[in-house]
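The structure under discussion appears below in the form of structure tokens.
So that the names make sense, note that chain A is the first sequence line, chain B the second, and so on, each numbered from 1.
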There are 2 protein chains.
Amino acid sequence: MKTQQTAEGVARPAGRPRSEKAERSIIEATLELLGEGIGVSELSIESIAGRAGVGKTTIYRRWSNKEDLVVDALATLKPPIPLPQGGTVRDDLVTYLRVIQEETRHHRTRCIMNIAMSDSERHPRLAERFRELAVEPRRAVVAAVLRRGMETGELRADLDIDMALALLSGAMIWSTKWSHSGESDAGLPERIVDEALKGFRPRNSEQ
Amino acid sequence: MKTQQTAEGVARPAGRPRSEKAERSIIEATLELLGEGIGVSELSIESIAGRAGVGKTTIYRRWSNKEDLVVDALATLKPPIPLPQGGTVRDDLVTYLRVIQEETRHHRTRCIMNIAMSDSERHPRLAERFRELAVEPRRAVVAAVLRRGMETGELRADLDIDMALALLSGAMIWSTKWSHSGESDAGLPERIVDEALKGFRPRNSEQ
DNA sequence: CCGATACGCAACGGGACCGTTTCATAATCC
DNA sequence: GGATTATGAAACGGTCCCGTTGCGTATCGG
């Protein structure tokens, strides 16, 4: 194993270098298949190789098992849409839920979410990726919005931020999944936010 | 195909009757495997037959495909725990969420829920079963609790029941799935319910 | 006992993938 | 050119499962 020094001083093995194009198309093929509804357990290396136009060897040389590949593939998904914040707290929250709602319309996103919900049970490292990739960044952004509202007095000063986030996100997911068939989804984000802001109690009740 | 008349007047085919015991153990084996984390797509007839101590023939004779079998198997799951209602609305809601929380502790229930969330995408009839089996009955019970609260004045008269239900159930699911690792789940139901009842706004804010 | 049907079991041919190996070819450095 | 490593293609033996068939046995009605 001879190595050379590049101009940048990075050690480099002798021989033909690995093709970055192949690597990209492998990951792209993986995401495509997952996005078509193929679960992690049904995902086969052969199908990925076929889709990517690549020999199985090339895949096995880089990833020793399927989970590693999927983890790396998911890491390339960029957190979509930085939430535009700046309006009312209510408006920002509505925008946030609209983003979620829009995503659930795309088949690809739904499939990825399904993997996050289910396959992560058997693949803890997948769950980890999802958390740091999709859950945590959004949590941070919305948490900032909520904190702002608590400072301006638009929200209760003792609001439990994580709980508020769970109520909003959870309600959105739950509604799109189990809403009555005929029920319209128009204005759903607004209705969720307003209901959450108001609370269930009458405005002038004691306690 | 000769048939005879039984005492009850029910037509009955000639020959040895099908074994109800076999049928039960097939369904039981199916539920066991699903409860161990086997997804619908990975579930194989051979594994079911093996687990049930039954020939594959016996399964194929009764169900023409896997989805039919799973649908029938799920139908035998009884909606667990009729929600004890009678206390405060708040108490009843807390009880409801505690039931959900307790279920998510059981691996079997978690697996079934995962199937409901993910596999139902590719198997509409499964989604149907889940709705009428697990979602709808609970919705009805909790809706009754909420309606009672609206009548007694404990809750806002114009509360959107379906929305309230989505907030509560969604928050519970979301929290148990994506809560911070170290975070304790103790008192989670109470905290969700209280946060939902109070709403996010300060008690004496205008609008 | 007889005809009919169901049972569990074993075996079938066929398909999809597994993870590995071999091979001719391509890319890189010296 | 020579050494070295990567690439895509093909083939390997092996496993799992498919859905079907045949077999000997068990259980029903008549």
In whole angstrom, what separates [X]'s [atom1] from [N]'s [atom2]?
X	N	atom1	atom2	answer
A/E23	D/dA6	CD	C1'	12 Å
B/Y60	C/dC12	OH	C1'	14 Å
B/I45	D/dC16	CD1	P	17 Å
A/K21	D/dG8	NZ	C1'	12 Å
B/I38	D/dC16	CD1	P	13 Å
A/E42	C/dC18	CD	C1'	16 Å
A/I48	C/dA16	CD1	P	17 Å
A/W63	C/dG19	CH2	C1'	17 Å

Which nucleotide wins on minimum distance to the side chain of [X], given the candidates [options]?
X	options	value
A/A14	C/dC17, D/dT4, D/dG8	D/dT4
B/V54	C/dG8, C/dT20, D/dC18	C/dG8
A/R18	C/dA4, D/dT7, C/dC17	D/dT7

Problem - Verdict with supporting geometry, A/M150 and B/F200, side chain to side chain contact (heavy atoms under 4.5 Å, CB included) - result: CA-CA 9 Å; A/M150 291 166 67; B/F200 297 174; over 6 Å; no
Practice task
Check step by step if side chain to side chain contact (heavy atoms under 4.5 Å, CB included) holds for B/L74 and B/T30.
Solution key: CA-CA 9 Å; B/L74 290 175; B/T30 304; over 6 Å; no
Practice task
Let me know, please, whether A/S44 or B/E46 comes out on the 5' side of the other along DNA chain C by nearest nucleotide.
Solution key: B/E46
Problem - D/dT7 OP1/OP2 closer than 4.0 Å to side-chain N/O of A/R61 - result: yes
Exercise for the section: Verify the contact: side-chain N or O of A/S19 to OP1 or OP2 of D/dA6, cut-off strictly under 4.0 Å; return yes or no. Expected result: no
Fill in the blank from the handout: Shortest non-hydrogen pair, B/A29 vs B/I48, comes out as CB-O, 3.8 Å
Handout entry: Side chain proximity check, B/I192 to B/W174, heavy atoms < 4.5 angstrom
Key = no
Practice task
Map B/R16 and B/T57 onto DNA chain D by nearest heavy atom, then report which one ends up closer to the 5' terminus.
Solution key: B/T57
Problem - N/O donor-acceptor pair under 3.5 Å between B/S118 side chain and B/I115 backbone - result: no
Exercise for the section: Kindly say whether, by distance alone, the side chain of B/K56 makes a donor-acceptor pair under 3.5 Å with the base of C/dG8? Expected result: no
